[in-house]
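Reminder, nothing fancy here: chain letters follow the sequence lines and each chain counts from 1. Atoms considered below: every heavy atom in the structure, side chains included; atoms not considered: hydrogens, waters and symmetry mates. Every value quoted in this text rests on a predicted model; they were computed, and no experiment measured them.
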Protein chains: 2
Amino acid sequence: MSAGDRGNPPHPVLAAAADAALGAYRDAIRRHTPAQLAEHVLDGADGTPSMHIDVLVEDAVIDAVTALGANVLSEERGWVDRSSALTVVIDPVDGTANAASGVPVSCFSGAVAVDGVFTHALTSWLHTDDRWWAQAGVPSYRTSGRRAAEGAAVSLLRPHDRNWEAWSRVARAAGRIRVLGCSTMDAALVATGAIDAFADAGSDTHRLMDLAAAAVLVPAAGGVLVDAHGRPFELDLDLTRRWSGVVAATPELADEMCALINLA
Amino acid sequence: MSAGDRGNPPHPVLAAAADAALGAYRDAIRRHTPAQLAEHVLDGADGTPSMHIDVLVEDAVIDAVTALGANVLSEERGWVDRSSALTVVIDPVDGTANAASGVPVSCFSGAVAVDGVFTHALTSWLHTDDRWWAQAGVPSYRTSGRRAAEGAAVSLLRPHDRNWEAWSRVARAAGRIRVLGCSTMDAALVATGAIDAFADAGSDTHRLMDLAAAAVLVPAAGGVLVDAHGRPFELDLDLTRRWSGVVAATPELADEMCALINLA
């Protein structure tokens, strides 16, 4: 499950961040109950409440990254400026609800941006330390190549009342759906070809850090990341921005999924 | 994630079966491509086509169990009679579509029945070798204790056209849904309290081996396994029988989920 077999090592700052996240996650689940891990301890920079487990892991990652001289942009603390050209966008625990409750599907995910352009990414599964990584423009994994929703294996962000109709259209058009509750793992699975696509079916839930790694991992594998509503995905210090990410093995499959989401 | 901390070891025949499954699974994914693993190689005793990965793992498990003198009841080969009072019901690879495609969420699952009554169960995650086990009547894990669907974390078998309406009612009533594609892991997560319930929302997809471990693991943790349509769940050599399993932290939550599934 690693790209390392192909002799393409992860960015050293991302590797250090993943190491820090793993240690802090293991410490957190050993020391705290699920209720303690799920406690809302502050309001994050991204505009959502932060759970205790998010903050515990984020603090460890920020320490590791800033010690190497890079800036950090993270969901809870926001922008930590080290006057570097290199910024690391991190989601310390993607799939926080899973992590806090004991469903072993949550990831650390990070992407490096140099002067505002994403260049490297790494997503690591906190339960197993499986890691997926890539560098922009360097072939790594390979997507499935599937072009149509019919028969496709599609992961979806869980539905909300506001996007139930769009969610249902995608779910019923696909061959097989999954809801894993961890967007960054879903994107890694699209990159490796294990699934054909992943989408937030128009609920505008995705934040910068939910998609930053996908923006590197998936194109490097021949796939695409687009927004269901056509907005550009870009580095932005305003963490209250939202997207509906559609991650797909091919541009054709992404187009069909966007059309299903947007059908009036 | 193990019950071993509580000094309650798994049944030795199930432990041997899980060891055999793990070895065969690792060998299969190392030697074969996803397309080879997903190839339909025979029609199983349960009435569904058997994938290559199922057969590879099942053969190893049958060898391990029959060497210990027990009968086996398994999805592909059916009934292997060793004239023992002890029968092991196995699902060699639950979540076969995940396992074959590279989504690392699939389990070996087995239950021991003595003279037709389930007494022990063990489910093991093939990607990590995490194991969950219990003995009937011996307290092990503890469910969440949640009594209502509102706010509940509910896993669902993926929807089919024939149960879309019932599936939608459960999905919209729950607080948070997941579709992991692995019923036996879902049942283990209900037992440990990581999620509140798991259901086949009335599609009658569940076979004996999808639910056999749940019939031991979940009651031992204070939860329940019922069929959405009120049929008894019991050992039966006719593997074409189907159920719509509802696995819940409490009888009250199971009742509410059955009512949602059956609403006219």
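Annotation: the span from B:Asp130 atom CG to A:His127 atom NE2 amounts to 3.5 Å, rounded to 0.5 Å. Note: A:Arg176 CZ to B:His160 NE2 = 7.5 Å, rounded to the nearest 0.5 Å. Expressed to the nearest 0.5 Å, how far CG of B:Asn98 lies from CD1 of A:Ile195 amounts to 10.0 Å.
Ranked by heavy-atom pairs under 4.5 Å with chain B, the first of A:Pro34, A:Gly181, A:Ala97, A:Ala100 is A:Ala97. Listed options B:Ser155, B:Ala194, B:Gly193 were ranked by heavy-atom pairs under 4.5 angstrom with chain A; first place goes to B:Ala194.
In this pair, B:Trp167 and A:Trp164 present their aromatic rings parallel. The plane angle is below 30°, not in the 30 to 60° band.
Heavy atoms closer than 4.5 Å to chain A are found in both the backbone and the side chain of B:Arg178. Contact annotation for A:Ser168: both backbone and side-chain heavy atoms come within less than 4.5 Å of a heavy atom of chain B. With a 4.5 angstrom heavy-atom cutoff, A:Ala153 does not touch chain B via any of its atoms.
Side-chain contact check for A:Leu189 versus B:Pro104: some heavy-atom pair is nearer than 4.5 Å.
Heavy atoms only, all atoms of each residue included: A:Leu180 and B:Val179 are closest at CD2-O, 4.0 Å. The two residues A:Ile177 and B:Arg158 have their closest heavy-atom pair at O-CB, 3.9 Å.
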